[in-house]
Amino acid sequence: MTQPLAGKQILIVEDEPVFRSMLDAWLTGMGAETAVAWDGIEALEKMAQQTPDLLICDLEMPRMNGLQLVEHIRNEGVQTPILVISATENMADIAKALRLGVQDVLLKPVKDLNRLRETVFACLYPNMFNSRVEEEERLFQDWDALVNNPQAAAKLLQELQPPVQQVISHCRINYRQLVSADEPGLVLDIAPLSEQDLAFYCLDVTRAGDNGVLAALLLRALFNGLLQEQLSQQRQRLPELGNLLKQVNQLLRQANLVGQFPLMVGYYHSGLKNLILVSAGLNATLNTGDHQIQVSSGVPLGTLGNTYLNQISQRCESWQCQIWGAGGRLRLMLSAE
């Protein structure tokens with residue numbers, strides 16, 4: 001019998017004993033060396049002894065749940081591949097897990113063992129499986145219902161909008177939509193990358209029809225992973241946002257999303273007090289108290305094969321940014337603590 005997982009160490013974090021035992025037996029049957037934990041705290045204790053090649057975890061667990069575990073691991077800079085298998089129906093939890101950098105999310109009950117096998121292999125052998133393209137394809141296969149139901153997709157996107165006030169990465173952030181509408185216009189997403197840095201983007205979904213909403217959902221799932229790749233290549237922990245937008249442009253084409261996608265991406269490091277903004281199709285005014293800077297729009301993504309961007313970098317402890325386009329106007333405010 002072939003054992004394709006021989007030599008691979010996999011940590012299973014699951015509080016449901018029957019599924020945990022089934023998963024353990026299935027993986028060891030393919031040659032993997034497994035360890036099990038019943039919640040996030042026990043998983044961290046196991047990982048302190050030995051770092052696995054793959055972590056498989058549930059979301060709903062006592063003491064420390066799966067999202068808390070994933071966030072802790074990623075904040076520590078550990079890049080171990082993570083596969084989430086959960087019975088959750090909360091799309092916000094799934095979106096957050098993907099933004100935190102998990103490789104994939106499968107829903108219980110797991111009925112297709114071939115799909116599970118392919119997913120495990122893609123996590124362990126990403127070069128062999130060209131996982132990024134497959135991840136996009138899988139995303140849209142799983143969300144066929146949303147693709148075929150634009151109203152449901154738009155409703156989900158509105159539900160996933162961030163709170164208007166929050167504290168992340170030692171920064172106080174709030175925003176307001178200056179033009180309200182029943183349908184999505186400017187879509188905002190903000191996420192911490194570590195205790196010291198965060199990223200955000202603003203996408204105008206009005207210039208690509210239903211594809212604008214689908215592009216926003218795709219960005220929510222993949223944006224943080226793309227940015228983490230950029231950060232891993234920069235020793236100073238300042239990403240090349242121009243390269244990131246080129247990747248996003250390619251992803252939109254590979255996903256067959258046609259249209260214009262005006263997008264602005266920002267990155268802020270609360271330790272270095274450094275803000276980077278890059279625009280592809282949205283206008284913005286940045287006010288730091290000492291300076292007011294106009295950010296010209298550039299060319300929206302999806303317009304051309306290449307990207308034509310406008311980028312600025314500014315050191316500041318607090319700032320306000322007004323962003324506007326066809327989808328409305330938005331004011332984003334940040335103050336480092």
Inset, instruction - Go through the steps for L282 and L186 under the test side chain to side chain contact (heavy atoms under 4.5 Å, CB included), then give the verdict. - result: CA-CA 10 Å; L282 284 176; L186 293 183; 4.1 Å; yes

Legend entry - ILVMFWY network linking L124 to V110, side-chain heavy atoms under 4.5 angstrom: yes

Legend entry - Under 3.5 Å: donor-acceptor pair, side chain of Y268, backbone of C316: yes

Inset, instruction - Measure from the side-chain N and O atoms of S270 to the backbone N and O of S169, and report whether any donor-acceptor pair falls under 3.5 Å. - result: yes

Inset, instruction - Report yes if some heavy atom in the side chain of L54 is under 4.5 Å from a heavy atom in the side chain of Q103; otherwise report no. - result: no

Legend entry - Spatial distance of atom CD1 (I293) from atom CH2 (W319) [nearest 0.5 Å]: 12.0 Å

Legend entry - Cluster check I12, M22: I/L/V/M/F/W/Y, side chain < 4.5 angstrom: yes

Legend entry - Minimum side-chain heavy-atom gap W38-P62 below 4.5 Å: yes

Legend entry - Expected output: side-chain R253 to main-chain L257 donor-acceptor under 3.5 Å: no

Legend entry - R207 (side chain) donor-acceptor with P262 (main chain) under 3.5 angstrom: no

Inset, instruction - Measure the shortest side-chain to side-chain distance between L116 and L23 over non-hydrogen atoms and say whether it is less than 4.5 angstrom. - result: yes

Legend entry - Cationic N near anionic O, under 4.0 Å, D58 to R20: no

Inset, instruction - Would you mind reporting whether V84 and C57 have side-chain heavy atoms less than 4.5 Å apart? - result: yes

Legend entry - Minimum heavy-atom distance between Q314 and T288, given as atom pair plus value: CG-CG2, 3.9 Å

Inset, instruction - Under the side-chain hydrogen bond (donor to acceptor under 3.5 Å, both in side chains) rule, collect the residues that match up with S313, sequence neighbours excluded. - result: N274

Legend entry - side-chain contact (heavy atoms from CB on, under 4.5 Å) partners for V258, two or more places apart: N211

Legend entry - Single-linkage hydrophobic cluster L107~V102, side-chain heavy atoms < 4.5 angstrom: yes

Legend entry - K108 with E60: basic N within carboxylate O range, under 4.0 Å: no

Legend entry - Those residues that, when tested against E45, pass salt bridge (charged side-chain N to carboxylate O under 4.0 Å, His left out) (two or more places apart): none

Legend entry - Stepwise side chain to side chain contact (heavy atoms under 4.5 Å, CB included) check, I323 with L188: CA-CA 11 Å; I323 306 168; L188 180 70; 5.7 Å; no

Inset, instruction - Identify whether V18 and I56 are in the same connected component of the hydrophobic contact network (ILVMFWY, side-chain heavy atoms under 4.5 Å). - result: no

Inset, instruction - Show your reasoning for whether side chain to side chain contact (heavy atoms under 4.5 Å, CB included) applies to Q311 and I276. - result: CA-CA 7 Å; Q311 177 169 318; I276 301 174; 3.6 Å; yes

Inset, instruction - Could you tell me the separation between the CZ atom of R74 and the CG atom of L69, rounded to the nearest 0.5 Å? - result: 10.0 Å

Inset, instruction - Please list, chain by chain and in numerical order, all residues satisfying side-chain contact (heavy atoms from CB on, under 4.5 Å) with E71, sequence neighbours excluded. - result: N75, K96, L100, P192

Legend entry - Gap between atom CG of L83 and atom SG of C123 - 0.5 Å precision: 5.0 Å

Legend entry - I85 and F19, any side-chain heavy atoms less than 4.5 Å apart: yes

Legend entry - Any residue meeting side-chain hydrogen bond (donor to acceptor under 3.5 Å, both in side chains) with T206, in chain and number order, not counting sequence neighbours: D204

Inset, instruction - Return yes if some donor-acceptor pair links the side-chain N/O of Q177 with the main-chain N/O of G328 below 3.5 Å, else return no. - result: no

Legend entry - side-chain hydrogen bond (donor to acceptor under 3.5 Å, both in side chains) involving R331 - partner list, sequence neighbours excluded: none

Inset, instruction - Walk me through it: do L332 and I190 pass the test side chain to side chain contact (heavy atoms under 4.5 Å, CB included)? - result: CA-CA 10 Å; L332 179 64; I190 310 168; 4.0 Å; yes

Inset, instruction - Please round to the nearest 0.5 Å and tell me the distance separating atom CG of D93 and atom OG1 of T88. - result: 4.5 Å

Legend entry - Which residues share a side-chain contact (heavy atoms from CB on, under 4.5 Å) with Q294, sequence neighbours left out: T285, W324

Inset, instruction - Tell me, please, which residues at least two apart from R117 pass salt bridge (charged side-chain N to carboxylate O under 4.0 Å, His left out). - result: none

Inset, instruction - Kindly give the heavy-atom pair with the smallest separation between L55 and T80, and that separation in Å. - result: N-CG2, 4.1 Å

Legend entry - V295 versus S279, closest heavy-atom pair with distance: CG1-CB, 4.0 Å

Inset, instruction - Kindly indicate whether the side chain of H72, heavy atoms from C-beta on, has any atom under 4.5 Å from the side chain of E76. - result: yes

Inset, instruction - Spell out, as yes or no, whether a donor-acceptor pair under 3.5 Å connects the side chain of Y175 to the backbone of L334. - result: no

Legend entry - Separation between CE of M64 and CD1 of I41, rounded to the nearest 0.5 Å: 5.5 Å

Legend entry - Value rounded to 0.5 Å, distance of CZ in R172 from OG in S318: 13.0 Å

Legend entry - Least distance between heavy atoms, L203 atom then G212 atom: CD2-O, 4.1 Å

Legend entry - More than 12 heavy atoms from other groups under 6.0 Å of CD on Q151: no

Inset, instruction - Could you note down all residue pairs passing salt bridge (Lys or Arg N to Asp or Glu O under 4.0 Å) where residues 23-40 supplies at least one of them, sequence neighbours left out? - result: D39-R63

Inset, instruction - Please name the pair of heavy atoms, one in N249 and one in G302, separated by the smallest distance, quoted to 0.1 Å. - result: OD1-N, 2.8 Å

Legend entry - Which residues share a side-chain contact (heavy atoms from CB on, under 4.5 Å) with A32, sequence neighbours left out: L5, I10, L27, T34

Legend entry - Side-chain heavy-atom pair L219, D189 within 4.5 angstrom cut-off: no

Legend entry - Q49: partners by side-chain hydrogen bond (donor to acceptor under 3.5 Å, both in side chains), with sequence neighbours left out: none

Legend entry - Hydrophobic cluster identity match, W26 and L106, side-chain contacts under 4.5 Å: yes

Inset, instruction - Specify the closest pair of heavy atoms between L263 and L301, including all atoms of both residues, with the distance to one decimal. - result: CD2-CD1, 3.6 Å

Legend entry - Within 6.0 Å of CD in Q9, more than 12 heavy atoms from elsewhere: yes

Inset, instruction - Name all pairs fulfilling the salt bridge (Lys or Arg N to Asp or Glu O under 4.0 Å) condition that reach into residues 264-281, sequence neighbours left out, sorted by first residue then second. - result: none

Legend entry - Side chain to side chain, V187 and R220, heavy atoms closer than 4.5 Å: no

